[in-house]
J.: 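Input: one structure, supplied below.
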Amino acid sequence: MVIGMTWTAAVAGATGYAGGEVLRLLATHPDIEIGAVTANSSAGDRLGKHHPHLVSLADRLVEPTDAGHLAGHDIVVFALPHGASGAIAAAIEDAVTEGAWGGPPPLLIDCGADHRLTDADAWGRFYGTPYAEAWTYGMPELLHADETSAAAQRRELASARRIAVPGCNVTAVTLAAQPGVAAGLIDPYQLTAVLAVGYSGAGKSLKPNLTAAEALGSAQPYAVGGTHRHIPEIIQNLHLAGADSGGVRLSFTPILVPMSRGILATVTAPVTDVVLDSEHPDEALRSAWQTCYGSADEGERVVRLLDEGTWPTTGAVLGSGLAAVQVAYDRAAGVATMVCAIDNLGKGTASAAVQSLNLALGLPETTGVIMEGVAP
């Protein structure tokens, strides 16, 4: 880390929900100076028209999203629709190669899906657009096989110059289930995940089913029957965490519920003989999560394994970069019940981006990450 150094950051897609949350965190980051804020259809507006809560940035002019307006920054964060960041990243690469960037090659952080998947076939099946290369995965807590901590993922991020931020639902399911997969305590071939998701996860686009008249007082499932685009990303993560040759099979059902932000993921899977043969199966199961995430005082900074009998709620992590996790053994069904609560715009997007850029810059990982929730 360079003491006293300040980096400049541009945010592309600044008027959307994810872009606004990235700006909210960077606005108070002690080592980052916000430069250009860009968008497409809202270019020419003042940022305050779209994010009146960002008082210190309200008078900023929203500029067009192109390599010229992003040039010269040390960091560029993409908060763009899926499929858009690949072309802008390529234009930035060309500008750097041609000497038109006006500075050293930037650190690129993509909050979209374009660079998350390592499997081109999976990308084609779920997204249907040309495949772009995979970047370093921006989940510092991601386990690698045969490891009880995420040291390997953090080493990768520390040397990264291109980082793909995980999907928000992916983060919740991965953090809930990966300790059990890594320790061989659950069957990853029989995973079921049901998620309650806040409406900001659907973005700002105006659709009839997203209006208050349709949403208030109603819960709506979407992307049902194995069609959600986050499925291959979750499978990719759990393979990396150590899913055996049997592979990963996931039933994934997200449900929009009447809250503006937050995800509550409930994941179930049959336990293995390691748990069933244990004298104290509840303790055998919980110990894997304890080993992975530690306690609130010692262990992962933003992932909190709650005390036994206490269950995660979205309200407790609202507005923060925290993830609350719990696991219990359902004796009657013979399954592990794993629950994770995150703010989809916090740990689900912007906070993960800030954690990752901190690691890439050699800064303390949680610098600028909000570590306290909002209540009530």
Side-chain angles (χ1 to χ4, degrees), residues 7-27 29 32-54 56-116 127 129-135 138 161-168 200-206 229 345 349-350 352-354 356-357 360:
W7 289 267
T8 60
V11 177
T15 56
Y17 289 137
E21 190 73 356
V22 169
L23 287 169
R24 184 170 79 99
L25 299 187
L26 294 184
H29 194 296
I32 303 295
E33 178 182 323
I34 297 173
V37 293
T38 77
N40 288 317
S41 60
S42 53
D45 293 345
R46 296 293 174 182
L47 187 65
K49 177 180 177 180
H50 303 274
H51 296 307
H53 64 295
L54 301 179
S56 65
L57 302 172
D59 290 333
R60 292 289 189 94
L61 181 68
V62 180
E63 300 178 289
T65 297
D66 55 49
H69 287 92
L70 298 171
H73 293 84
D74 302 306
I75 305 161
V76 179
V77 181
F78 301 129
L80 300 168
H82 301 322
S85 62
I88 298 297
I92 290 173
E93 298 282 3
D94 290 342
V96 171
T97 300
E98 295 165 4
W101 182 254
L107 170 63
L108 302 182
I109 313 284
D110 186 11
C111 294
D114 291 27
H115 303 283
R116 296 171 184 163
Y127 290 89
T129 58
Y131 177 70
E133 65 175 343
W135 290 357
R161 301 303 297 170
R162 304 288 182 269
I163 296 171
V165 178
C168 53
S200 60
K204 276 191 170 182
S205 60
L206 183 60
R229 290 172 167 180
L345 296 176
T349 308
V354 173
S356 297
L357 74 83

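Model, not experiment: these values are computed from the prediction.
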J.: For P166 versus G138, what's the shortest heavy-atom pair and its separation?
T.: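 Result for this residue pair: CD-O, 3.3 Å.
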J.: Quick one: salt bridge (Lys or Arg N to Asp or Glu O under 4.0 Å) partners of E133, sequence neighbours excluded?
T.: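 For E133 there are no salt bridge (Lys or Arg N to Asp or Glu O under 4.0 Å) partners, ignoring immediate neighbours.
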J.: Using modelled atom types and a 3.5 Å cut-off, is there a donor and acceptor pairing between side-chain atoms of H51 and backbone atoms of G16?
T.: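 Confirmed, H51 side chain pairs with G16 backbone.
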J.: Looking at H82 and A113, would you say the former's side chain and the latter's main chain have a donor-acceptor pair under 3.5 Å?
T.: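 Checking the backbone N and O of A113 against the side chain of H82, a donor-acceptor pair under 3.5 Å is found.
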J.: Is there a donor-acceptor pair closer than 3.5 Å between any side-chain N or O of D114 and the backbone N or O of G83?
T.: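 Checked: pair present.
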J.: Measuring from atom CD1 of I32 to atom CH2 of W7, what distance do you get when rounded to the nearest 0.5 angstrom?
T.: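 Reported value, rounded in 0.5 Å steps: 7.0 Å.
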J.: For the side chain of R60 and the backbone of G35, is there at least one donor-acceptor N/O pair under 3.5 Å apart?
T.: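 Yes; judged by distance alone, with no hydrogens or angles, the pair exists.
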J.: Tell me which pairs pass side chain to side chain donor-acceptor pair (under 3.5 Å) where either residue lies in residues 33-43, with sequence neighbours left out.
T.: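 Passing the test, one end in residues 33-43: T15-S42, T38-T65.
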J.: Can L23 and I34 be said to form a side-chain contact (heavy atoms from CB on, under 4.5 Å), step by step?
T.: CA-CA 8 Å; L23 287 169; I34 297 173; 3.9 Å; yes
J.: Give the intermediate values and the outcome of side-chain contact (heavy atoms from CB on, under 4.5 Å) for residues W135 and L108.
T.: CA-CA 10 Å; W135 290 357; L108 302 182; 4.0 Å; yes
J.: Taking all atoms of both residues into account, what is the closest heavy-atom pair of V11 and A14, and its distance?
T.: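 Minimum heavy-atom contact is O-CB, 3.7 Å.
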J.: Just verifying a value: how many Å separate R116 CZ and R229 CZ, rounded to the nearest 0.5 Å?
T.: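 CZ of R229 is found 11.0 Å from CZ of R116.
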J.: Name all pairs fulfilling the side chain to side chain donor-acceptor pair (under 3.5 Å) condition that reach into residues 94-113, sequence neighbours left out, sorted by first residue then second.
T.: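 Passing the test, one end in residues 94-113: S85-D110.
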J.: Taking side chain to side chain donor-acceptor pair (under 3.5 Å) as the test, write out the residues that go with S356, two or more places apart.
T.: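 In terms of side chain to side chain donor-acceptor pair (under 3.5 Å), with neighbours along the sequence ignored, S356 is linked to no residue.
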J.: Check I92 against P106 and note the closest heavy-atom contact, atom names and distance.
T.: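 So the two residues come closest at CG2-CG, 3.8 Å.
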J.: Using 0.5 Å steps for rounding, measure from the NE2 atom of H69 to the CG atom of L61.
T.: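 Going from NE2 on H69 over to CG on L61, the span is 8.5 Å.
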J.: Under 3.5 Å, sequence neighbours excluded: what are the donor-acceptor pairs made by side chains of residues 70-80?
T.:
from: H73; atom 1: ND1; to: L70; atom 2: O; distance (Å): 2.7
from: H73; atom 1: ND1; to: A71; atom 2: O; distance (Å): 3.3
from: H73; atom 1: NE2; to: A36; atom 2: N; distance (Å): 3.0
from: D74; atom 1: OD2; to: T8; atom 2: N; distance (Å): 2.9
from: D74; atom 1: OD2; to: T8; atom 2: OG1; distance (Å): 3.2

J.: Do V22 and I109 have side chains that approach each other closer than 4.5 Å (heavy atoms only, starting at C-beta)?
T.: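 Answer no - side chains too far apart.
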J.: Do you know which two heavy atoms are closest between V165 and A352, and how far apart they sit?
T.: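 Looking at all heavy atoms of both residues, the closest pair is CG1-CB, 4.0 Å.
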J.: Excluding sequence neighbours, so at least two apart, what forms side chain to side chain contact (heavy atoms under 4.5 Å, CB included) with R24?
T.: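 Result, side chain to side chain contact (heavy atoms under 4.5 Å, CB included) vs R24: E21, H53, L54, R261, I370.
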